[in-house]
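Here is how names work: the chains are called A, B, and so on, in the same order as the sequence lines, proteins then strands, and each is numbered from 1.
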Amino acid sequence: MKEFLTKNLNSSQIEAVRCIEGPLIIFAGAGTGKTKVITHRIAYLLSLGISPWSILAVTFTNKAASEMKKKVANLISQTYKNVWISTFHSFCAHFLRVEASKINLDPDFLIYDFMDQKNTVKDCMKELNIDEKKIKASTIVNKISRAKDDLKIPSDITSEVKRSDYFLESTTSKIYELYQKKLKKASALDFGDLIMQTVVALQRLPATLEQYQEKSKYIMVDEYQDTNHAQYILIKLLAKKHCNICVVGDDDQSVYSWRGADINNILNFKKDYRNAKSVRLEQNYRSTPKILSTAYKVVKHNNARIDKQLWTKNPDDGSVIVIKAINENDEATKIANLILLNAYKYKLSSFAVFYRTNAQSRTFEDAFRRVGIPYSLVGTLKFYDRAEIKDIIAYLKLIHNPNDNVSFKRIINIPRRGIGKTSIKILEKFALLKNISLWEAIPLASQVGLTKGTQKALNSFMQLIETFSKLKKDSSAKIISKKVVTHSGYLKELETENTLESRTKIENIQELISAITDFENRSPDKSLAGYLTQIALTSDTDSLDESKDKVTLMTLHLAKGLEFEYVFICGLEEGLFPIWESVPNNEELEEERRLMYVGMTRAKKNLYLCWATERTVYGKIKWNVPSRFIAEAGFRCDLTKPEQSPNFKNPNKKYFRAEVVYKGKDTHNYNNDYEIKNKQLLSPINNINKYKIGTMVLHPTFGRGKIIEQSGTEENLKLVVLFENGQWKKLLAKVANLRFI
DNA sequence: TAGCCCGGCGTTTTT
DNA sequence: CGCCGGGCTA
């Protein structure tokens with residue numbers, strides 16, 4: 001093995017890299033160098049002279065795929081370009097476009113996102129006279145998506161249900177059937193179709209299958225614990241001939257079962273592939289021993305897992321601390337203060353706040369704004385979800401395929417053309433009757449008794465779109481989109497509005513056009529269809545910009561794969577995390593626990609577990625009990641009496657009881673224990689370690705306070721004390737003249 | 001047709 | 001408490 005491939009790898013990593021023949025499963029715990037192993041493995045294959053054309057690496061996210069490409073390129077400069085590294089969805093989209101003719105598919109199909117799906121389902125429900133108040137459209141979308149994840153067609157759904165669910169299941173099945181017809185008519189595929197259709201095609205076309213099996217003589221699958229059944233079958237088909245399949249994953253980090261991921265895929269790998277070898281990566285390079293052992297204590301409570309325990313050579317500094325807050329504002333204020341306090345040591349981008357639900361982000365935004373901490377909120381408002389962007393995209397989609405009813409309805413009256421809901425309703429009814437698209441119904445509008453004015457408006461809309469369509473042949477996506485913005489009157493309407501909001505919208509549209517320009521400069525396929533595919537399969541572009549020095553706010557789900565020096569996991573209360581719905585169901589509870597594990601293992605040095613005794617939910621105050629995960633992590637919480645902080649009137653500045661603190665022993669022993677300090681807070685301090693974190697002190701000028709941080713030793717022992725007035729001070733212990741109280 | 005008001009609802013969301 | 005969507009009125 002070439003030397004450049006082995007240096008910086010540990011022995012298990014090397015073992016995983018070198019095992020290239022036959023099935024291999026790599027259990028790669030958090031922070032164990034998983035990506036490194038995959039990229040080195042690819043480089044190793046290439047260094048052996050294996051053709052890049054026969055290597056396929058599949059990931060879930062675009063980010064992971066592009067990172068992987070970049071890292072392989074760094075290892076092997078020349079040949080990497082021909083290695084097929086892509087996401088499941090783009091692999092399938094590519095496959096389906098190339099092989100479309102063999103399976104009676106329009107090669108220029110659109111890709112529907114969640115909103116498109118939901119709108120289509122709504123149409124179906126109207127048509128089938130199903131009351132949207134009884135069953136939500138989004139429930140049906142989820143059910144249809146899950147069915148596709150399981151490779152089920154509409155008739156499969158009803159055949160295997162209990163009688164109690166029969167109504168819901170049979171309506172789902174009916175809607176699913178109609179939904180597929182509508183998608184077909186619009187030449188659209190949803191995300192689930194991309195995988196399912198690919199599987200179906202490969203099963204039906206043995207010659208094609210064989211061809212792709214050659215292309216995937218060596219397969220690698222990243223985040224295997226997140227594969228759903230369809231993806232599992234897809235991989236199985238591709239790997240069947242050569243069986244050089246290498247899957248990488250961590251069952252402890254499986255948090256997407258609600259989206260169809262099946263943890264059994266990874267747990268049963270050895271049953272599926274009898275002669276499979278397995279390698280465990282257990283040396284962690286990210287976190288401190290404290291963090292790892294705490295996280296392990298939590299995840300150990302799960303039954304459906306393969307036991308593995310991470311260890312590290314990292315020094316045992318930093319801390320794991322539980323913070324008890326009075327309410328959600330207090331929680332945010334305390335965290336904001338802790339960040340300010342430590343901001344001199346690290347960049348703001350080294351701090352992250354994780355929460356279970358998006359609704360929790362607001363308090364943090366308020367608190368951070370108040371004290372002037374720059375933050376970036378990840379995941380909520382996606383660029384491509386903004387109304388103005390979706391409008392312009394809808395124009396592009398309609399230009400690409402005028403039969404796309406979803407896009408048609410979105411923009412028919414944007415900007416206002418005097419075509420209202422009732423006109424559309426009439427047109428829709430008519431189109432349904434004639435089994436044609438809304439677009440095709442326009443020339444026949446005179447037959448349905450629409451007014452002259454409406455007819456005229458419809459016709460000029462049609463003309464507008466047709467003018468754009470003519471540009472398709474010899475104009476780029478950029479030119480078309482520019483013309484759409486101006487000629488449709490969209491820009492003009494925003495300009496006349498001239499509000500702060502409308503100006504932001506104009507900026508966003510300009511940003512969109514520059515994104516399209518960017519796409520054209522980069523991508524080999526400069527067509528409109530190419531661009532539409534790209535955006536359908538790409539999520540947020542700008543959300544996590546690591547170059548900006550800001551604190552990160554995000555949900556725990558989005559945290560997977562990232563790492564930060566300081567991690568704050570918030571809202572650790574029964575009912576919120578673990579979220580109430582999951583508690584009665586053991587499998588779901590275990591998934592919550594894995595989510596906790598994911599969150600904890602993001603931390604490199606300092607981990608804070610936060611909970612509030614009181615929290616306002618939907619305008620009502622709720623009293624909480626600390627999350628079981630806090631106890632499982634080895635901390636004891638006093639549940640009986642919620643603390644009332646003395647001497648405080650302003651609730652936002654009530655002081656802090658870092659009730660339970662990790663007692664750091666200077667040892668790398670992985671299994672060392674935690675000492676509960678809860679009861680010692682107000683008791684006499686022994687001389688040896690008298691400035692313990694959590695100790696109450698009295699300062700001659702600042703008054704009562706509590707030690708919440710320490711650094712340095714002996715003569716240089718520095719303390720951070722939080723005083724009752726809400727101020728934080730950094731003090732040199734030797735001269736601070738503190739008295740214990 | 002468009003704007004307003006009222007009622008219901010309120011996990012997580014790689015593609 | 002706040003948002004979104006449906007229905008009703010000007």
task: Report the C-alpha distance between A/Phe60 and A/Tyr224 in whole Å, list the side-chain angles of each, state the deciding distance to 0.1 Å, and finish with yes or no for ring pair (Phe, Tyr, Trp, His ring centres under 6.0 Å).
output: CA-CA 9 Å; A/Phe60 278 83; A/Tyr224 192 66; 9.1 Å; no
Base, sugar-phosphate, or nothing for [X], non-hydrogen atoms under 4.0 angstrom?
X: A/Asp226; value: base
X: A/Gly418; value: sugar-phosphate
X: A/Phe88; value: nothing
X: A/Ser423; value: sugar-phosphate

- prompt: In terms of the nearest nucleotide of DNA chain C, which residue is placed more toward the 5' end: A/Met115 or A/Gly619?
  reply: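 Residue closer to the 5' terminus by nearest nucleotide: A/Gly619.
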Among [options], which is the nearest nucleotide to the side chain of [X]?
X: A/Tyr618; options: C/dC1, C/dG6, B/dT13; result: C/dC1
X: A/Lys136; options: B/dT15, C/dG7, B/dG10; result: B/dG10
X: A/Lys421; options: B/dT11, B/dT15, B/dG3; result: B/dG3

Distance check needed: [N] [atom2] versus [X] [atom1], whole Å only.
X: A/Asp149; N: B/dT14; atom1: CG; atom2: C1'; value: 13 Å
X: A/Lys409; N: C/dG5; atom1: NZ; atom2: P; value: 14 Å
X: A/Met125; N: C/dG6; atom1: CE; atom2: P; value: 11 Å
X: A/Lys560; N: B/dT13; atom1: NZ; atom2: C1'; value: 12 Å

query: What are the two closest non-hydrogen atoms of A/Val248 and A/Gln225, and how far apart are they?
result: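 Closest approach of A/Val248 to A/Gln225, heavy atoms only: O-OE1, 4.4 Å.
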- request: Please report the closest heavy-atom contact between A/Ala304 and A/Arg594, naming both atoms and the distance.
  value: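 For A/Ala304 versus A/Arg594, the nearest heavy atoms are O-NH1, 4.5 Å.
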task: Return no unless some side-chain N or O of A/Ser582 is found under 4.0 Å from OP1 or OP2 of B/dT11.
output: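 The answer is no; no side-chain N or O of A/Ser582 sits under 4.0 Å from OP1 or OP2.
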- request: State whether A/Asn358 places a side-chain N or O below 4.0 Å from either non-bridging phosphate oxygen (OP1 or OP2) of B/dT12.
  value: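 So the side chain of A/Asn358 is within the cut-off, an N or O lying under 4.0 Å from OP1 or OP2 of B/dT12.
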- request: Dump the intermediate steps for side chain to side chain donor-acceptor pair (under 3.5 Å) on A/Tyr232 and A/Asn264, then the final yes or no.
  value: CA-CA 10 Å; A/Tyr232 160 81; A/Asn264 293 312; over 6 Å; no
field: Any N/O donor-acceptor pair, A/Arg356 side-chain to B/dT12 base, under 3.5 Å
entry: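 Answer is yes: a donor-acceptor pair is held.
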